[in-house]
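Quick note: residue numbers are just sequence positions, from 1.
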Amino acid sequence: MKPSRRSVLAAGVITAVACPSIAWAQESRPQIVAAQSPEPRLAGRALMRFFGLRVYEARLWVSAGASPDVFERECFLELRYALSLKGDRIADRSVDEIAGIGQGTDAQRKAWGTAMRQLFPDVSDGDRLLGHYLPRGPSRFHFNDRPIGTIEDPQFGRAFFGIWLDPRTSEPGLRAALLKGFAS
């Protein structure tokens, strides 16, 4: 029996997401990650594609700790973009993804969207956005190793990082790749 076009496309997306990026194989950790103590370690990396188009490469760094819950540890999520996107579009898509995992009220998502639109810059091929998650604390953001701002609401951090790390994410293959080395 011949596989459907949809199942072939889905398998291609999952395969692409789970493959580690070669571009970062020789790179060291970002400056902000390297400056932290205790020293965070790389938990995983993944490639995000949308209909075959490379969107970004992601790396997740986590702090040492005994908790099996990623949301109980300090972590850093770095996205290296492979195309140009408007900051407003990144913020709007983030709000949609946060709603998709069931986080926040309508009013919270509206406020978070406003904060992200003010914070997130337009990105081009090679640009890096890095989010710094602190459990029950603020979320800090960097653009190409420069601080660009903080969102103080601790509920925002859980919701925003949940886009990639929550079990209800729209990209379970990407989540699995990012968390591959988390428990080890």
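- Taking 4.0 Å as the cut-off between side-chain N and carboxylate O, Asp127 and Arg80 do not count as a salt-bridged pair.
- Here Phe161 contributes atom CZ and Phe71 contributes atom CZ; the two are 9.0 Å apart, rounded to the nearest 0.5 Å.
- Under the 4.5 Å side-chain criterion, counting only non-hydrogen atoms from C-beta, Ser170 is in contact with Glu97.
- Taking 4.5 Å as the limit, every side-chain heavy atom of Val123 sits out of range of all side-chain heavy atoms of Leu83.
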* Asked: Would Leu42 and Leu60 satisfy side-chain contact (heavy atoms from CB on, under 4.5 Å), going step by step from the backbone distance to the final call?
  -> CA-CA 6 Å; Leu42 183 64; Leu60 177 68; 5.8 Å; no
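- Looking only at atom types and distance, the side chain of Glu74 has a donor-acceptor partner in the side chain of His132 under 3.5 Å away.
- Remark: aromatic rings of Phe160 and Phe141 are close, center separation under 6.0 Å.
- Using a 4.0 Å cut-off between charged side-chain N and carboxylate O, Asp92 and Arg89 make no salt bridge.
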* Asked: Can you list the steps and then say if Ile151 with Leu119 is a side-chain contact (heavy atoms from CB on, under 4.5 Å)?
  -> CA-CA 9 Å; Ile151 297 178; Leu119 197 65; 4.0 Å; yes
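- Taken from OG1 in Thr169 to CD1 in Ile163, the straight-line distance is 8.0 Å, to the nearest 0.5 Å.
- Ring orientation note: the planes of Tyr56 and Tyr81 are nearly perpendicular, at an angle over 60° on the 30°/60° scale.
- In this structure, the separation between CG on Asn144 and CG on Leu129 is 7.5 Å, given to the nearest 0.5 Å.
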* Can you check side-chain contact (heavy atoms from CB on, under 4.5 Å) on Ile148 and His142, steps first, answer last? -> CA-CA 5 Å; Ile148 57 171; His142 294 77; 5.7 Å; no
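- A salt bridge does not link Glu171 with Arg175: every distance from a Lys NZ or Arg NE/NH1/NH2 to an Asp or Glu carboxylate oxygen is 4.0 Å or more.
- With salt bridges taken as basic N to acidic carboxylate O contacts below 4.0 Å, one links Lys86 and Asp122.
- Counting heavy atoms from C-beta outward, Trp61 and Pro30 have side chains that approach closer than 4.5 Å.
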* To do: Assess whether salt bridge (Lys or Arg N to Asp or Glu O under 4.0 Å) is satisfied between Glu72 and Arg136, documenting all intermediate values.
  => CA-CA 9 Å; Glu72 290 299 317; Arg136 294 169 295 285; 3.0 Å; yes
